Q: 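Here's a structure for you.
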Amino acid sequence: MATQLEPDARADENAFRTEVQEFIAANFPEELKNRSNALAGVEGPSKETPAQKAWREAVGERGWGTPTWPKQYGGGGLNKAEARIVEQEFAKAGAYNPIGGMGVMMFGPTLLEYGSEEQKQEHIPPICRGEIRWCQGYSEPNAGSDLANLQTFAEDKGDHYLVNGQKTWTSGGQWADKCFAIVRTDKSDKHKGISFMLIDMDTPGVEVRPITMISGMSPFCETFFTDVKVPKENLVGEEGQGWTIGKRLLQHERTNLSGGGSMARMMGASLSNIAKKYCETNEDGSLADPILRDKIANFEIRWSSFLLTARRAVDESKAQGGVSEISSVLKKVGTTLGQERAELLIEIRGLQGLGWEGDEFSDSELESVRGWLFGKATTIYGGSTEIQNNIIAKRVLGMLDHQ
């Protein structure tokens with residue numbers, strides 16, 4: 001049963017809501033209304049306009065882009081209820097959160113848990129202000145689903161490591177300032193020989209080659225390390241702790257790739273509203289095609305149910321100290337629903353949903369086609385559906401392998 005807020009608590013929340021509304025009114029540029037955050041995706045960042053820069057700096061100064069992160073590191077220091085108010089009021093005003101990217105969704109929360117005080121002071125504030133872009137150095141040509149097979153090696157040279165090897169599918173690597181990577185520091189043990197370290201992308205010996213995707217974009221890259229010097233202070237945790245830290249980061253990633261994070265923001269307008277622009281309707285405004293109407297209703301019911309479940313699961317995980325294996329469930333279901341929506345959107349738009357270029361197609365139509373193609377990768381990257389099934393079976397359901 002839901003508990004009733006005490007009058008003082010209600011008054012505090014109402015006062016904070018008013019504060020957020022006043023902040024938005026004073027700082028959010030009208031020209032950015034209903035725009036999305038370029039930093040939240042893996043695509044290349046467009047040049048920041050003065051309005052975008054002003055909005056990012058205003059939100060970053062308050063720490064409201066990372067509302068529940070500790071205030072001492074540049075976060076908002078808000079409780080869960082206050083963070084929800086910020087989210088609600090931004091949505092009401094058509095204002096996006098201008099702080100994002102891998103630093104927010106994956107690396108920052110992991111560093112807050114495992115990093116040294118010096119590392120937190122150095123890296124967390126720029127993430128909270130949206131001043132720096134991070135990329136992920138995990139997968140390798142022979143270490144995808146079997147990630148622990150990675151061979152990129154960091155040789156101890158006294159005051160620094162010398163890193164040699166290759167990473168692939170480095171999301172946004174060509175635009176990133178820094179890379180969080182798992183590398184091998186010991187060749188004698190598959191899992192315990194892995195360490196987690198931070199690499200500046202402008203260090204001599206780092207080479208990035210973008211990979212062109214079926215969607216026409218090149219958000220992923222091959223990244224090569226040739227005698228790259230990495231200072232010892234860039235090691236997160238201890239040598240050999242990389243597999244533990246790396247798995248924790250993946251839980252944050254999977255939560256954000258599902259409805260618990262960025263996917264919920266990617267969905268945009270409801271399918272029923274979109275369908276009414278493209279399909280025949282009855283006099284009462286309902287869709288005339290009963291089969292399509294049922295398909296849309298079925299999807300939106302399941303999607304709404306999933307969002308509520310995802311939010312509850314994420315809140316429960318945070319209450320217990322962070323993310324958990326439930327992130328695999330969220331990732332598996334959320335990405336599958338995302339692909340289903342993309343297919344349904346094409347069915348709704350018909351020929352207008354298959355455009356690749358040309359003035360006869362709107363920007364949203366062209367974007368959705370590329371999104372449909374790009375979305376084919378969501379059930380693979382961040383841990384494939386098969387990997388999630390294994391995690392769910394073993395760590396959530398407690399099933400053991402049969403010999």
Side-chain angles (χ1 to χ4, degrees), residues 42 102 105-114 136-150 167-171 180-184 189-196 220 236-237 240-264 302-303 305-340 375-403:
V42 296
M102 292 187 182
M105 67 183 285
M106 291 187 280
F107 175 62
T110 307
L111 192 69
L112 285 171
E113 182 175 357
Y114 289 99
Q136 179 182 23
Y138 270 40
S139 297
E140 298 183 5
N142 294 309
S145 295
D146 184 13
L147 181 59
N149 192 47
L150 65 91
K167 297 292 181 178
T168 192
W169 307 119
T170 312
S171 305
F180 52 87
I182 48 177
V183 300
R184 187 161 297 286
D189 191 292
K190 183 173 183 178
H191 292 86
K192 294 180 182 178
I194 295 173
S195 299
F196 192 104
F220 302 120
V236 178
Q241 198 181 5
W243 187 245
T244 297
I245 299 173
K247 286 192 299 181
R248 174 65 78 177
L249 183 141
L250 287 176
Q251 289 179 336
H252 288 292
E253 178 183 25
R254 289 162 184 164
T255 298
N256 279 279
L257 288 175
S258 70
S262 60
M263 185 165 292
R302 288 183 292 117
W303 175 246
S305 299
F306 171 72
L307 281 184
L308 292 172
T309 301
R311 171 158 283 178
R312 185 178 70 250
V314 171
D315 286 347
E316 288 174 354
S317 294
K318 289 180 178 178
Q320 296 170 6
V323 291
S324 68
E325 284 79 9
I326 200 67
S327 61
S328 290
V329 179
L330 299 181
K331 202 269 183 180
K332 170 184 165 67
V333 179
T335 52
T336 301
L337 285 171
Q339 290 178 344
E340 184 178 335
K376 299 300 182 184
T378 60
T379 48
I380 300 173
Y381 68 64
S384 68
T385 295
E386 291 76 15
I387 292 293
Q388 307 314 317
N389 287 341
N390 286 337
I391 294 173
I392 294 165
K394 294 179 180 179
R395 300 178 189 167
V396 179
L397 300 178
M399 299 169 66
L400 298 176
D401 290 335
H402 294 287
Q403 299 299 324

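Worth saying up front: this structure is predicted, and the values here are computed from it rather than measured.
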Q: Could you tell me the separation between the CG atom of N390 and the CE atom of M399, rounded to the nearest 0.5 Å?
A: 10.0 Å
Q: Decide if atom CG of N149 counts as having more than 12 heavy atoms of other residues, nucleotides or ligands within a radius under 6.0 Å.
A: yes
Q: I'd like to check R248 versus Y114 (side-chain heavy atoms, cut-off strictly below 4.5 Å). Are they in contact?
A: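 The answer is yes, as the side chains (C-beta and beyond) meet within the 4.5 Å cut-off.
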Q: When rounded to the nearest 0.5 angstrom, what is the spacing between NZ in K332 and OG1 in T385?
A: 6.0 Å
Q: Is there a side-chain contact between R312 and T309 in this structure, where contact means two heavy atoms from C-beta onward sitting under 4.5 Å apart?
A: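 Yes - at least one pair of side-chain heavy atoms lies under 4.5 Å apart.
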Q: Is there a donor-acceptor pair under 3.5 Å between the side chain of R184 and the backbone N or O of D189?
A: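 Side chain of R184 to backbone of D189: a pair is present.
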Q: Could you check whether any side-chain N or O of Y138 sits under 3.5 Å from a backbone N or O of T168, counting only pairs where one atom can act as donor and the other as acceptor?
A: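 Between the backbone of T168 and the side chain of Y138 there is no qualifying donor-acceptor contact (under 3.5 Å).
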Q: Taking only residues two or more places apart in sequence or in another chain, which ones pass salt bridge (charged side-chain N to carboxylate O under 4.0 Å, His left out) with K190?
A: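 Checked K190 against salt bridge (charged side-chain N to carboxylate O under 4.0 Å, His left out); matches are D146.
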Q: Closest approach of F220 and S171, non-hydrogen atoms and distance?
A: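 Taking F220 first and S171 second, the nearest heavy atoms are CE2-OG, 3.0 Å.
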Q: Report the C-alpha separation of L330 and F306 in whole Å, then their side-chain angles, then the decisive distance to 0.1 Å, and conclude whether the side-chain contact (heavy atoms from CB on, under 4.5 Å) test is met.
A: CA-CA 8 Å; L330 299 181; F306 171 72; 4.1 Å; yes
Q: If we ignore hydrogens and angles and just use 3.5 Å, is the side chain of K167 paired with the main-chain N or O of I182 as donor and acceptor?
A: yes
Q: Just say parallel, tilted or perpendicular for the rings of F180 and F107, cut-offs at 30° and 60°.
A: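 Rings of F180 and F107: parallel, under 30°.
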Q: Show the nearest heavy-atom pair for residues A148 and H191, with the distance to one decimal.
A: CB-NE2, 3.5 Å
Q: Check T335 against T379 and note the closest heavy-atom contact, atom names and distance.
A: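 So the minimum-distance heavy-atom pair works out to OG1-CG2, 3.6 Å.
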Q: Could you give the distance from NZ (K247) to CG (L147), rounded to the nearest 0.5 Å?
A: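 Output value for this atom pair is 11.0 Å.
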Q: Mark yes or no for whether K192, through its side chain, and G240, through its backbone, hold a donor-acceptor pair below 3.5 Å.
A: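 Answer holds: no.
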Q: Roughly how far, to the nearest 0.5 Å, is CG of L111 from CG of L249?
A: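 It comes to 10.0 Å.
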Q: Using the side chain to side chain contact (heavy atoms under 4.5 Å, CB included) rule, pick out the option among M106, K331, Q136 that qualifies with L250.
A: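 Option passing the side chain to side chain contact (heavy atoms under 4.5 Å, CB included) with L250: Q136.
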Q: Between W169 and S139, which heavy-atom pair has the shortest distance, and what is it?
A: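 So the minimum-distance heavy-atom pair works out to CD1-CB, 4.3 Å.
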